[in-house]
Engineer: 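If you scroll down you'll find the structure; I have some questions about it.
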Amino acid sequence: MKMEATELAVVRPVKRNILLNPGPATTSDTVKYAQVIPDICPREKDFVGVMHEIRKDLVKIVHGDSSKYSAVVFAGSGTIIQDVCVNSLVPENKKICVVNNGAYSARMVEIADYYGIPCVNLEFATNGLPDLDVLKETLENDKDIAVVAAVHHETGTGILNPVRDIGKIAHDNGCIFVVDTISTYALMPLNIAEENIDFLMGSAQKGLAAMTGVSWTVGDIEEIEKSKNYPKRSYYCNLYMQYNFFEKNGEMHFTPPVQTVYALRQAIKEYWEEGEHARWERLTTCWEAIHRGLEEMGLRYVIDKNIQSKLVVAVKGLKDPKYDFFTLHDYCYERGFTIYPGKMFGLETFRLCNLGQITYRDIEDFFVVAKEAFKNMGFTLPITP
Ligand SMILES: *Cc1c(COP(=O)(O)O)cnc(C)c1O
């Protein structure tokens, strides 16, 4: 018997929380209920079929040619796929170079470090774009670098990095280009080949607004095949091992998070129904509503607007002793809105992220609550510096 979650489960509305943290994101009720399915052994053909369709869709979402790119899926949060890409794609005696301008690129440096992989850490300020002349010079002078890694959207600050240009420099110097696109995948239109990307990353709880527990890379098949002969630095998180198992058996090597996969399938269906451009437009109007709200309140953003991703706004905290992030957080949380501390070194910030199944109306509702919270802390609005 074919199993269709929506046929079997009654979809009752669940209290809707607006998550303005950087993932997991607000999900639809249909995605939540897609997890409620009859028990199934993931080795059954039905489940293998589900997995097969999902992998095809994951390539299609980034406009990848299925004869050139493959999606390799792992069970874990987003960091697992950073781990997989960093530990699996650096050949023996070669180096990885990380374009590092934020917390998520710093994490890839740390991963390389944990595996003892030689890493050139190109560190730039976390409040601006990387200097690509430095990258160019570094790659021209160090022919042991085989992999360039960067983050498309530094979710900690909301900066959108120029991956197409970084990828061009990487390719001009014979390197493959690995990009953490976890906080842009299925959020903004993204074309893997046009952006000069060889491997990109996604995670179910971010752009697709599904459940945490499945992450993937969409990567160049030829490069995956080559990596078969690279040092095997991890057992569970080896890219080629997982790819090969998928190709041979159509499924993950080890037990997949079955229910989470069904939720992902539903989220992908909703992605196609909405359409990539309509989704980007919806999210852009959320970002515009965030800026309107901040301006009305007299709060400042940290990153130049023209390099913002339009998916995250880092907001300056206030030096005023009346201000307390946790008071603000708790007031909003109790009313169904979750905000998140910033991830910038040496600067007090908090973040408003518009990643999930939300609209600009939810953002407007949030600002009604945020204004009350500031008034309760003793501020008069708008706040004057
Ligand atoms: C969320 C995120 C990750 C992964 O974080 P997890 O907590 O492991 O899910 C990685 N990179 C970026 C850019 C992210 O936004």
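All heavy atoms count here, side chains included; hydrogens, waters and symmetry mates do not. Everything numeric here is computed off the predicted structure, so don't read it as measured data. Residue numbers count from 1 along this sequence.
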Engineer: Would T184 and H153 count as having a side-chain donor-acceptor pair, cut-off 3.5 Å?
Structural biologist: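 H153 and T184 do not have a side-chain donor-acceptor pair below 3.5 Å.
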
Engineer: To the closest 0.5 Å, what do you measure between CD1 (I176) and CG (L89)?
Structural biologist: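 Here the rounded value is 4.5 Å.
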
Engineer: Please list, chain by chain and in numerical order, all residues satisfying side-chain contact (heavy atoms from CB on, under 4.5 Å) with T138, sequence neighbours excluded.
Structural biologist: V120, L122, V134, I145

Engineer: Do K32 and T27 have side-chain N/O donor and acceptor atoms under 3.5 Å apart?
Structural biologist: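 There is such a pair between these side chains.
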
Engineer: Does a side chain donor of either Y115 or D83 reach within less than 3.5 Å of an acceptor in the other side chain?
Structural biologist: yes

Engineer: Does the pair K269/E273 count as a salt bridge with the N-to-O cut at 4.0 Å?
Structural biologist: yes

Engineer: Mind checking the SG-CD1 spacing from C286 to I358? Nearest 0.5 Å is all I need.
Structural biologist: 4.5 Å

Engineer: Please step through salt bridge (Lys or Arg N to Asp or Glu O under 4.0 Å) for the pair R55 and E247, ending with a clear verdict.
Structural biologist: CA-CA 11 Å; R55 288 180 67 218; E247 292 307 301; 3.1 Å; yes

Engineer: So which pairs with a foot in residues 227-238 pass side-chain hydrogen bond (donor to acceptor under 3.5 Å, both in side chains), sequence neighbours left out?
Structural biologist: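 Qualifying pairs, neighbours excluded: none.
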
Engineer: Taking C-beta and beyond as the side chain, do L135 and C97 meet within less than 4.5 Å on heavy atoms?
Structural biologist: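 The answer is yes; the side chains approach within 4.5 Å.
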
Engineer: Let me confirm one number: the OH-OG distance from Y243 to S88, rounded to the nearest 0.5 Å.
Structural biologist: 14.0 Å

Engineer: So which pairs with a foot in residues 372-385 pass side-chain hydrogen bond (donor to acceptor under 3.5 Å, both in side chains), sequence neighbours left out?
Structural biologist: Y331-E372

Engineer: In this structure, are over 12 heavy atoms from other groups packed under 6.0 Å from F254 atom CZ?
Structural biologist: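 Counting other residues, nucleotides and ligands, CZ of F254 exceeds 12 neighbours.
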
Engineer: Quick one: list whatever passes ring-ring contact (aromatic ring centres under 6.0 Å, His included) with H291, sequence neighbours left out.
Structural biologist: W287, Y301

Engineer: Sequence neighbours left out, what pairs pass salt bridge (charged side-chain N to carboxylate O under 4.0 Å, His left out) with at least one residue falling in residues 249-262?
Structural biologist: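 Applying salt bridge (charged side-chain N to carboxylate O under 4.0 Å, His left out) to every pair that reaches into residues 249-262, excluding sequence neighbours, yields R43-E251.
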
Engineer: What is the distance from atom CG of N196 to atom NE2 of H171, rounded to the nearest 0.5 Å?
Structural biologist: 6.0 Å

Engineer: According to side-chain contact (heavy atoms from CB on, under 4.5 Å), who are the partners of D330, at least two apart in sequence or on a separate chain?
Structural biologist: E334

Engineer: Can you list the residues that meet the side-chain contact (heavy atoms from CB on, under 4.5 Å) rule with H52, with sequence neighbours excluded?
Structural biologist: K56

Engineer: Measure from the side-chain N and O atoms of T26 to the backbone N and O of L19, and report whether any donor-acceptor pair falls under 3.5 Å.
Structural biologist: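 Side chain of T26 to backbone of L19, a donor-acceptor pair under 3.5 Å: yes, one is there.
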
Engineer: Show every salt bridge (charged side-chain N to carboxylate O under 4.0 Å, His left out) that has at least one partner inside residues 192-216, sequence neighbours left out.
Structural biologist: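 For residues 192-216, and leaving out neighbouring residues, the salt bridge (charged side-chain N to carboxylate O under 4.0 Å, His left out) pairs sorted by first residue read R164-E195.
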
Engineer: Taking only residues two or more places apart in sequence or in another chain, which ones pass ring-ring contact (aromatic ring centres under 6.0 Å, His included) with Y69?
Structural biologist: none

Engineer: So, applying side-chain contact (heavy atoms from CB on, under 4.5 Å) with I290, which one of T285, V315, V313, V312 is it?
Structural biologist: V313

Engineer: Please report the interatomic distance CD1(I303) to OG1(T157), rounded to the nearest 0.5 Å.
Structural biologist: 5.0 Å

Engineer: Please, which pairs that meet salt bridge (charged side-chain N to carboxylate O under 4.0 Å, His left out) have at least one residue in residues 358-370, sequence neighbours excluded?
Structural biologist: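 Found R16-D362, R292-E364.
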
Engineer: Between Y271 (side chain only) and R279 (backbone N and O only), is there a donor and an acceptor less than 3.5 Å apart?
Structural biologist: no

Engineer: Without hydrogens or angle criteria, can the side chains of S105 and E154 be said to hold a donor-acceptor pair below 3.5 Å?
Structural biologist: yes

Engineer: My understanding is that only residues two or more places apart in sequence, or in another chain, count here; which of them pass side-chain contact (heavy atoms from CB on, under 4.5 Å) with A170?
Structural biologist: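 Once residues adjacent in sequence are excluded, the partners of A170 under the side-chain contact (heavy atoms from CB on, under 4.5 Å) criterion are V148, C175, F177.
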
Engineer: Could you give all pairs that pass the salt bridge (charged side-chain N to carboxylate O under 4.0 Å, His left out) test and reach residues 125-139, with sequence neighbours left out?
Structural biologist: K136-E140

